[in-house]
Asks: 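Please read through the structure below; I'll follow up with questions.
The first residue of the sequence shown is numbered 1, and numbering continues consecutively from there. Note that these values count all heavy atoms, side chains included, but never hydrogens, waters or copies made by symmetry.
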Amino acid sequence: MSTRTAHLDIRGMSCANCSQTIGDALESLDGVSVANANYATDDGTVEYDSEVVSLAEIYEAIEAAGYSAERASRSIGITDMSCANCAETNESALEDVPGVIDADVNYATDETTVEYNPDDVSLAALYDAIETAGYTPVRDEAGDESDQKRRDAARQAELRKQRRLTIFGAVLSAPFLLFLADKFLLGGTLVPETVFGIDFGWVEFLLATPVQLVLGRPFYVNSYNALVKNRRANMDVLIALGSSTAYVYSLVVLLGLLAGSMYFDTAALILVFITLGNYLEARSKGQAGDALRKLLEMEAETATLVDDEGNEEEVPLEDVEVGDRMKVRPGEKVPTDGVVVDGQSAVDESMVTGESIPVEKESGDEVIGSTINENGVLTVEATKVGEDTALQGIVQTVKEAQSRQPEIQNLADRISAYFVPAVIINATFWGLVWFLFPETLSSVVSALPLWGLVGGGPAALSAFEFAIVVFASSVLIACPCALGLATPAATMVGSTLGAKNGVLFKGGDILERAKDVDTVVFDKTGTLTTGEMTLTDVVALEDEGNRAAADGGDAAADGGAVAARTRLDQDAVLRLAASAERDSEHPLAQAIVEGAEERGLELSDPDSFENVPGQGVRATVDDREVLVGNRRLLEANDVDPSLAESAMERLEREGKTAMLVTVDGEAVGVVADADTVKESSAEAVAALQERGLDVMMITGDNERTARAVAERVGIDPDNVRAGVLPEDKADALEEIQSTGRKAMMVGDGVNDAPALAVAYVGTAIGSGTDVAIEAADVTLMRDDPLDVVKVIRISEATLAKIKQNLVWALGYNTAMIPLASLGLLQPVLAAGAMALSSVSVLSNSLLFRRYTPDHDYELFGRLRR
């Protein structure tokens with residue numbers, strides 16, 4: 001099985017029904033496991049088995065459903081081909097590139113034409129495939145265009161198109177506003193009944209028909225695709241029905257086939273209002289993605305490369321390669337991710353991590369591309385370039401989040417799936433009722449204050465004409481556009497808002513889920529503490545025995561026992577322990593080695609070394625067997641740790657991690673490391689507890705050390721899980737969740753990855769490893785436990801905004817459909833209200849951009865600490 005993920009830029013969607021249509025069409029294909037389409041962002045994500053279904057078939061399914069996924073075509077020259085088999089080899093190589101739809105290689109012209117998904121394929125990948133096949137591509141880097149530029153260009157093109165249509169329709173429809181004003185306000189004194197002996201209705205016909213043909217065409221085409229190809233009605237069907245009903249009825253009246261009023265003005269203005277709404281909607285979508293574009297705009301355009309002789313050369317950013325050294329002067333942007341090899345400065349990382357205070361950097365520290373060097377000159381060695389940089393990773397994560405919608409979207413999708421057919425049925429029912437029983441309904445409805453907005457009801461219009469008015473109004477007022485935008489628009493803003501504040505959600509579903517967390521489980525080392533261990537104590541049991549002797553009694557007897565054993569001073573204990581730990585990469589071991597070196601001790605290389613996970617190390621140093629570890633390590637090797645128990649307990653009560661040292665089967669001393677608790681840990685725990693969440697801690701440390709740290713940060717000792725081996729952390733978390741808890745696991749290390757994966761929400765703190773980040777649902781760009789509170793606040797705020805939008809959308813339909821059904825609304829007013837509903841939902845979502853997660857967010861926008 002070869003699973004791939006395609007990210008598609010889909011065109012032609014007009015409501016949530018379109019999204020569901022595409023999802024259903026794709027999931028019906030054998031080999032497609034997951035398919036999502038997002039109406040708000042025009043994005044789609046498809047997970048598929050490339051051995052079962054091809055990307056070309058996925059594109060065909062989208063097109064068969066009446067939509068289009070953006071594709072690009074590229075011609076590339078190929079040299080070194082000598083026969084038709086060479087062409088076939090290149091075709092196979094190119095078609096194996098994920099994202100390539102089709103490749104046609106022509107041996108006669110030494111050229112290939114490749115069709116591909118521009119969201120997933122770079123020109124460099126196509127070149128690499130040709131070279132891997134053993135041939136030489138003719139490179140043309142100048143024609144390569146970035147994904148974001150291409151997307152911006154497409155969005156701007158759509159915006160210009162909608163603007164042109166709106167202006168065209170508005171110019172032709174402007175006279176209708178004068179006609180309506182004359183009709184309703186001046187009693188028809190300005191507009192004549194005939195012009196040069198021709199019925200004035202022909203003038204209205206000439207104005208309305210171009211609008212109907214030009215502005216109405218997209219709606220008719222999409223309606224045909226929806227009804228004929230997909231057998232599912234969408235919002236375009238409602239618009240086409242409402243507008244064409246008014247237009248066709250007016251034409252029939254104009255031709256003298258029926259008696260009644262004409263509604264050419266209504267037919268034209270409906271399309272103008274809807275198109276204006278589409279224009280404003282496209283503009284709002286662009287504004288919703290501003291934060292993402294601004295992130296990309298932060299990238300430096302050039303870099304100053306430095307060679308070994310100190311010569312400098314300014315080159316375009318895309319020419320920088322891993323290993324290049326770059327000089328970054330004060331005020332300049334760090335061109336790409338790297339490590340400082342020379343210099344010292346403060347770097348403003350706020351645009352990437354949300355950290356407002358510049359971070360001090362010196363040799364050996366990592367820097368993030370696009371951050372700003374504040375003062376000193378830095379020499380930085382590039383470690384990641386292009387799409388591998390942190391900034392590009394943030395952008396990609398946000399895009400993924402926007403394509404994965406929250407579960408609440410399923411509610412809107414289910415409603416939308418049945419909504420349009422229900423609206424048509426409702427409109428048809430009320431149209432028939434008004435046609436069959438006009439007087440009965442008029443007597444009931446005429447008492448309502450809005451009666452008369454459609455010309456006095458059946459008393460002024462024929463029963464058939466009034467039924468047409470009711471039908472047109474009812475289908476237009478109930479368009480589910482706002483309902484389809486409610487969730488994705490808020491999710492789009494929420495995910496980019498998180499990125500601006502150093503919080504990356506892997507999907508909209510995670511964005512929704514985080515608010516339901518009732519328990520937060522912190523790993524200790526590197527999460528609540530800095531993870532930077534330092535050697536604090538060295539205890540030789542000889543000294544401990546002398547201390548006990550001074551206390552007299554049984555303790556003196558114990559001291560005598562120690563004296564009878566191997567007698568080593570502190571330096572000797574530390575030298576043997578550090579020598580044994582030299583080959584270990586554990587932070588505790590490294591602290592011991594560094595502490596010994598700082599004291600000037602000469603260490604030996606161990607003759608043998610064994611790491612015992614969760615216990616310590618076993619090594620042979622200077623022909624002596626040395627153990628360094630916890631009580632379990634000694635007990636497993638039949639060494640009695642009781643002689644060191646008093647020293648161990650004393651150090652552990654101080655919150656230190658104490659390790660026993662034995663030589664040739666005898667306990668000779670204790671070494672202790674301490675880890676500094678992060679300044680914000682206690683504040684983060686307090687803030688979470690204030691919200692009513694249970695806060696727990698899980699660690700491999702012993703009970704006493706764990707409880708000491710828990711006490712310092714404010715965690716209840718009963719909520720501490722100590723002595724948990726790395727491989728058992730996931731089991732411990734599952735046990736916590738087995739009682740029905742919804743737990744967020746917060747960790748940073750490789751050994752946290754399994755626990756992050758099984759947690760209801762896994763959160764990797766930004767200083768963590770790539771493995772932990774990959775397993776997590778949320779990544780915190782900063783090394784700050786307080787950002788866990790931000791995760792929950794952003795989640796709650798986003799869902800509150802979604803609920804606001806749903807209230808707008810559903811409330812609008814709930815209020816307006818009865819008005820239209822009872823004949824209290826002109827079709828043109830219904831169209832205007834429908835367009836306004838979509839714009840209001842998008843505008844409400846855009847207001848969300850001003851929210852800062854330093855506060856809680858209540859449903860109607862009130863802030864509380």
Asks: Taking all non-hydrogen atoms of both residues into account, name the closest pair between H7 and T45 and its distance.
Replies: CD2-OG1, 4.0 Å
Asks: Which atom pair, heavy atoms only, marks the closest approach of V52 to D30?
Replies: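 Of all heavy-atom pairs spanning V52 and D30, the closest is CG1-O, 3.4 Å.
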Asks: Under the rule for side-chain contact (heavy atoms from CB on, under 4.5 Å), what residues qualify as partners of A25, not counting sequence neighbours?
Replies: A65
Asks: Report the C-alpha distance between V334 and I368 in whole Å, list the side-chain angles of each, state the deciding distance to 0.1 Å, and finish with yes or no for side chain to side chain contact (heavy atoms under 4.5 Å, CB included).
Replies: CA-CA 7 Å; V334 178; I368 304 171; over 6 Å; no
Asks: Nearest heavy-atom pair of V97 and A129: which atoms, and what distance?
Replies: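 Smallest interatomic distance, heavy atoms only, reads CG2-CB, 3.5 Å.
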Asks: Taking C-beta and beyond as the side chain, do R325 and D342 meet within less than 4.5 Å on heavy atoms?
Replies: no
Asks: Distance check, rounded to the nearest 0.5 Å: D96 atom CG versus S50 atom OG?
Replies: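 Taking CG in D96 and OG in S50, the distance rounds to 8.5 Å.
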Asks: What are the two closest heavy atoms between A37 and I10, and how far apart are they?
Replies: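 Shortest heavy-atom contact: CB-CD1, 4.3 Å.
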Asks: Is V328 close to P335 at the side-chain level, that is, under 4.5 Å between some pair of heavy atoms?
Replies: yes
Asks: Output the distance between atom CG (L26) and atom OH (Y48), rounded to the nearest 0.5 Å.
Replies: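 Here the interatomic distance stands at 11.5 Å.
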Asks: Find the distance between CZ (R4) and CD1 (I58) and round it off to the nearest 0.5 Å.
Replies: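 That separation rounds to 10.0 Å.
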Asks: Should V761 and T763 count as side-chain neighbours, where that means a heavy-atom distance under 4.5 Å?
Replies: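 V761 vs T763: side chains touch.
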Asks: Who pairs with E313 by salt bridge (charged side-chain N to carboxylate O under 4.0 Å, His left out), at least two apart in sequence or on another chain?
Replies: none
Asks: With a 4.5 Å limit on heavy-atom distance, are the side chains of N90 and I130 in contact?
Replies: yes
Asks: If the condition is side-chain contact (heavy atoms from CB on, under 4.5 Å), which residues does V758 pass it with, not counting sequence neighbours?
Replies: A730, L733, E734
Asks: Can you name the closest pair of heavy atoms from S73 and T113 and give their distance?
Replies: OG-CG2, 3.6 Å
Asks: Quick one: does N501's side chain have a donor or acceptor within less than 3.5 Å of a partner on V503's backbone?
Replies: no
Asks: Does any N or O in the side chain of Y59 come within less than 3.5 Å of the main-chain N or O of E70, such that one atom is a donor and the other an acceptor?
Replies: yes
Asks: V385: which residues meet the side-chain contact (heavy atoms from CB on, under 4.5 Å) condition with it, sequence neighbours left out?
Replies: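 Testing V385 for side-chain contact (heavy atoms from CB on, under 4.5 Å), a comparison that skips the adjacent residues, returns V320, V322, T336, A382.
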Asks: Rounded to the nearest 0.5 Å, what separation is found between the CG atom of D388 and the CG atom of D337?
Replies: 9.0 Å
Asks: Got a second to check how far F505's CZ is from T496's OG1, nearest 0.5 Å?
Replies: 11.5 Å
Asks: Quick one, D783 and I765 - any side-chain contact, counting heavy atoms below 4.5 Å?
Replies: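 Yes. Closest side-chain heavy atoms under 4.5 Å.
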Asks: With distance as the sole test, does T304 use its side chain to make a donor-acceptor pair with the main-chain N or O of M326 at under 3.5 Å?
Replies: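 Pair absent, no side-chain N/O of T304 close to backbone of M326.
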Asks: Among residues at least two apart in sequence or on other chains, which ones pass side chain to side chain donor-acceptor pair (under 3.5 Å) with S54?
Replies: E57
Asks: Take L8 and I62 through the test side chain to side chain contact (heavy atoms under 4.5 Å, CB included) and record every step on the way to the result.
Replies: CA-CA 10 Å; L8 307 175; I62 294 173; 3.5 Å; yes
Asks: Assess the residue pair T21 and Y67 against the criterion (side chain to side chain contact (heavy atoms under 4.5 Å, CB included)); give the C-alpha distance rounded to whole Å, side-chain angles, the decisive distance to 0.1 Å, and a yes or no.
Replies: CA-CA 10 Å; T21 296; Y67 305 90; 4.1 Å; yes
Asks: Output all residues satisfying side-chain contact (heavy atoms from CB on, under 4.5 Å) with E321, sequence neighbours left out; order by chain, then residue number.
Replies: D324
Asks: Quick check for you: to the nearest 0.5 Å, what is the distance between E60 atom CD and L55 atom CG?
Replies: 10.0 Å
Asks: Under a 4.5 Å cut-off applied to non-hydrogen side-chain atoms, are K333 and I372 in contact?
Replies: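 Yes; the side chains approach each other to less than 4.5 Å.
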Asks: Ignoring hydrogens, what is the shortest heavy-atom contact between I78 and Y135? Give both atom names and the distance.
Replies: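 Looking at all heavy atoms of both residues, the closest pair is CG2-CB, 3.9 Å.
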Asks: Under the side chain to side chain donor-acceptor pair (under 3.5 Å) rule, collect the residues that match up with E312, sequence neighbours excluded.
Replies: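 Side chain to side chain donor-acceptor pair (under 3.5 Å) check on E312 returns K327, R329.
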Asks: With sequence neighbours left out, what residues match E47 under salt bridge (charged side-chain N to carboxylate O under 4.0 Å, His left out)?
Replies: none
Asks: Tell me whether D102 contacts the main-chain N or O of E115 through its side chain, where contact means a donor paired with an acceptor under 3.5 Å.
Replies: no
Asks: In chain order, what residues pass the side chain to side chain donor-acceptor pair (under 3.5 Å) check against N373, with sequence neighbours excluded?
Replies: S345
Asks: Quick one: are L94 and I76 in side-chain contact, heavy atoms under 4.5 Å?
Replies: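 No, every pair of side-chain atoms sits at 4.5 Å or beyond.
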Asks: By salt bridge (charged side-chain N to carboxylate O under 4.0 Å, His left out), which residues pair with E131, not counting sequence neighbours?
Replies: R139
Asks: Under the side chain to side chain donor-acceptor pair (under 3.5 Å) rule, collect the residues that match up with D307, sequence neighbours excluded.
Replies: N311
Asks: Check whether any side-chain heavy atom of L497 sits under 4.5 Å from a side-chain heavy atom of R849, and report yes or no.
Replies: no
Asks: List the steps and the verdict of side chain to side chain contact (heavy atoms under 4.5 Å, CB included) for L504 and M781.
Replies: CA-CA 8 Å; L504 301 182; M781 295 299 293; 3.8 Å; yes
Asks: Is it the case that the side chain of D42 and the backbone of M13 share a donor-acceptor pair, with hydrogens and angles ignored and the cut-off at 3.5 Å?
Replies: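 A pair under 3.5 Å: no.
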Asks: Who passes salt bridge (charged side-chain N to carboxylate O under 4.0 Å, His left out) against R163, sequence neighbours left out?
Replies: none
Asks: Is a side-chain N or O of D120 found less than 3.5 angstrom from the main chain of P98, in a donor-acceptor match?
Replies: no
